[in-house]
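Naming convention: chains lettered A, B, ... in sequence-line order (proteins, then strands); numbering from 1 in each chain. Just so it is clear, the values below take in all heavy atoms, side chains as well, and ignore hydrogens, waters and symmetry mates.
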Amino acid sequence: MINEMFDANHVVFNSDIETKDDALRFIASFAEHIGIVKSSKSYYKGLKKREKEVTTGFKDGIAIPHCKHKTVLKPALMLVKFTQPIEWESMDKKAVHITFALAIPEGENQEHLKALSTISRALIDETFIDSLLSVTSEAGMYKLIRRKFSN
Amino acid sequence: MSQKKIVGVTACSAGIAHTYMAAESLEKAGKEKGYQIKVETQGSIGIENGLTDQEIEEADVVILAIEINIDMSRFIGKRVMRVRASEAIKNPDALIESALNEAKSYGEKGTKAGIAKMGKTDEGGFFQHIMAGISYMIPMVIASGLILAIANVYAFQRDEAGRIVEWGFDISTAMGQLMANLFSVGQVGFLLMIPLFAGFVANSIAGKPAIAAAMIGTYIANDAEMLGAEAGGGFLAAILVAFTAGYLVKLLKKIPYPKLIQPIVPIMLIPLISTLLIALFVLYVVGNPMASMMNFLYDGLTTLNENYAAAPVIIGVIIGAMVGFDLGGPINKTALVFGTAVFTDTVAKYGIEGANFVPQTATQAAISVAPLGIWLASLLFKKKFSQTEKVSANSAFGMGIVGVTEGAIPFAAQDPIRMIPAFVAGSAVAGGLAAGLGIKFYGGIGSPLGAFIGYIEQPIPFVTWIFSVMMGVLVTAIIIGLTKRKVE
């Protein structure tokens with residue numbers, strides 16, 4: 001199921017963004033660009049609203065911005081790496097570099113939600129996080145995530 | 001030491017990511033420490049990995065890493081640690097340790113706690129056995145009490161000015177006859193509840209073989225006719241008989257019986273011997289003294305109320321405080337049972353004119369104070385209540401307005417040191433005022449609504465009752481406002 005939600009073109013590295021707000025905008029327009037959402041503006045608003053409830057900044061430089069929104073065309077996982085450190089109010093106060101962005105359509109079925117819960121759970125695995133942080137290419141990132149969730 | 005068992009529930013507002021991350025990190029940290037851990041997730045998928053009642057029962061501690069309100073009734077009487085979901089992700093090790101060491105017992109609601117402790121008689125104390133008995137008795141008290149209250153409303157015959165001139169059923173009408181019958185039905189419940197209580201207290205002490213002796217013994221002790229006394233021995237007698245029967249049976253169980261008769265020991269030998277001994281003990285030794293003592297107590301209570309102006313206020317304050325203290329727990333229920341018992345016993349003994357309304361009126365005036373106080377505080381001190389707390393405060397209003405104290409339990413469980421004094425103070429004010437102002441609560445809803453739904457005699461119609469209750473509510477709300485911490 002995760003394979004359907006995660007494609008090679010879902011990975012992108014960015015080197016100029018410096019703030020959380022810009023990062024969310026970037027993720028949203030990237031999502032529109034690869035055809036996951038209809039309107040980047042709506043998706044951005046959704047992400048922003050979710051952040052307002054509680055920050056999605058996790059620890060060790062990881063964040064999982066996500067939202068359920070009717071503008072989402074198909075459920076997806078996107079991986080966006082920011083080379084610049086981004087302040088995300090994360091749990092350990094560390095700056096964020098890697099975001100697992102999740103897009104969930106309104107009224108989504110159980111299987112997709114389950115896949116998302118699997119991804120969330122995987123982030124607790126420290127060795128996985130370590131290897132994520134050490135990957136330097138988009139292709140390498142794609143392979144690593146594919147491998148993690150293929151079993 | 002055996003392996004520690006931990007159960008948890010995680011839930012976040014979106015139910016997509018944090019719920020599962022929190023669950024995963026708790027499970028991982030728990031396993032690394034060698035604990036047995038199971039975490040239920042309540043996310044957008046629904047409930048997964050659901051906890052069974054048995055797992056909750058066996059757990060040493062419950063960890064709730066939640067941002068939304070979940071159904072807490074499963075955890076009553078358990079040690080519960082409630083934190084935000086992020087807390088479980090950030091530092092699961094510290095969370096588990098502090099839960100194991102510091103978690104406080106969640107909203108002991110006598111009933112369940114009593115049952116939970118049933119059968120563990122070895123380390124059982126006096127109060128634990130009493131609570132076991134009360135927990136079995138409460139459903140009967142409530143069922144028969146409500147039936148009595150319904151019938152009671154029809155028993156007041158009034159003159160043209162609307163004052164009650166006589167208490168009794170007009171059985172010349174079909175309705176009056178029906179209500180008279182219902183009144184008898186309720187009385188049956190009140191007659192049975194005392195032996196029932198004693199039976200389960202004894203059961204808590206020594207198991208099933210003790211039930212017969214305790215129930216039969218208590219029935220006799222409470223039956224004025226059999227004793228040839230003026231009144232039955234009531235609760236005092238029940239407690240005495242139940243404990244005597246319980247420990248007698250416990251002793252009888254210790255005798256090394258020959259193997260051949262062992263199968264019949266618990267079902268025949270012990271019940272027979274203990275019932276015989278207890279019945280004789282009640283009939284010839286304690287029955288009459290206990291009955292006279294009860295009689296003396298009720299007479300004393302009446303004299304006290306009639307001769308000392310301050311007595312009703314003091315009793316009202318104490319009863320009110322008891323109601324607010326544990327919100328439906330054993331102390332609260334004791335006050336409730338005491339109020340009902342005093343009312344019904346004195347009605348039976350002196351008639352409606354001489355009945356003692358004080359404890360019952362104080363209980364009912366105090367019963368809605370804690371949940372309504374929370375609600376009022378959440379309106380007056382908005383900044384001190386988080387969004388979820390405001391939701392809980394609104395549901396506390398819903399419960400409080402129909403006279404259910406338990407609505408305040410979530411707040412007491414969260415912050416007992418600040419909340420309980422506020423509840424006790426407000427409830428005591430309501431109880432003291434209602435009793436001191438001479439209100440007579442016959443039946444109805446124990447909240448300001450009682451002025452409309454129920455029958456209450458008071459100096460100024462509607463006003464006195466609502467004033468007494470609302471003063472208590474106000475006191476509780478103000479104390480909460482002064483002491484509660486601001487939302488982080």
(message) Within a 6.0 Å radius of atom NZ on A:K143, are there more than 12 heavy atoms belonging to other residues, nucleotides or ligands?
(response) no

(request) Under the salt bridge (Lys or Arg N to Asp or Glu O under 4.0 Å) rule, collect the residues that match up with A:K81, sequence neighbours excluded. (result) none

(message) Can you confirm whether B:F397 is buried at CZ, in the sense that more than 12 heavy atoms of other residues, nucleotides or ligands lie under 6.0 Å from that atom?
(response) yes

(message) So for atom CG, which belongs to B:N101, do other residues, nucleotides or ligands contribute more than 12 heavy atoms lying within a distance under 6.0 Å?
(response) yes

(message) Need one label for B:Q387: side chain, backbone, both or neither, based on atoms under 4.5 Å from any heavy atom in chain A.
(response) neither

(message) Once rounded to the nearest 0.5 Å, what's the spacing between atom OG of A:S117 and atom CD of B:E24?
(response) 9.5 Å

(message) Does anything in residues 119-136 of chain A reach chain B? List residues with heavy atoms under 4.5 Å apart, or say none.
(response) A:S120, A:R121, A:L123, A:I124, A:E126

(message) I'd like to check the salt bridge (Lys or Arg N to Asp or Glu O under 4.0 Å) partners of A:E87; sequence neighbours left out, ordered by chain and number.
(response) none

(message) If I measure from the heavy atoms of chain A, does B:T19 come under 4.5 Å with its side chain, its backbone, both, or neither?
(response) neither

(request) Side chain from CB out, backbone as N, CA, C, O: work out which of these in A:S90 comes under 4.5 Å of a heavy atom of chain B, or both, or neither. (result) neither

(request) Return the minimal non-hydrogen interatomic distance between B:H18 and A:T56, and the atom names on each side. (result) CE1-CA, 4.0 Å

(message) Could you tell me if the side chain of B:K90 sits less than 4.5 Å from the side chain of A:D92, heavy atoms only?
(response) no

(request) Under 4.5 Å heavy-atom distance to chain B, tell me which part of A:F58 shows up: side chain, backbone, both or neither. (result) side chain

(message) How long is the straight-line distance from CD1 of B:I89 back to NZ of A:K59, given to the nearest 0.5 Å?
(response) 8.5 Å

(message) Are there residues of residues 26-37 of chain B whose heavy atoms fall under 4.5 Å of chain A's heavy atoms? If so, which?
(response) B:E27, B:K28

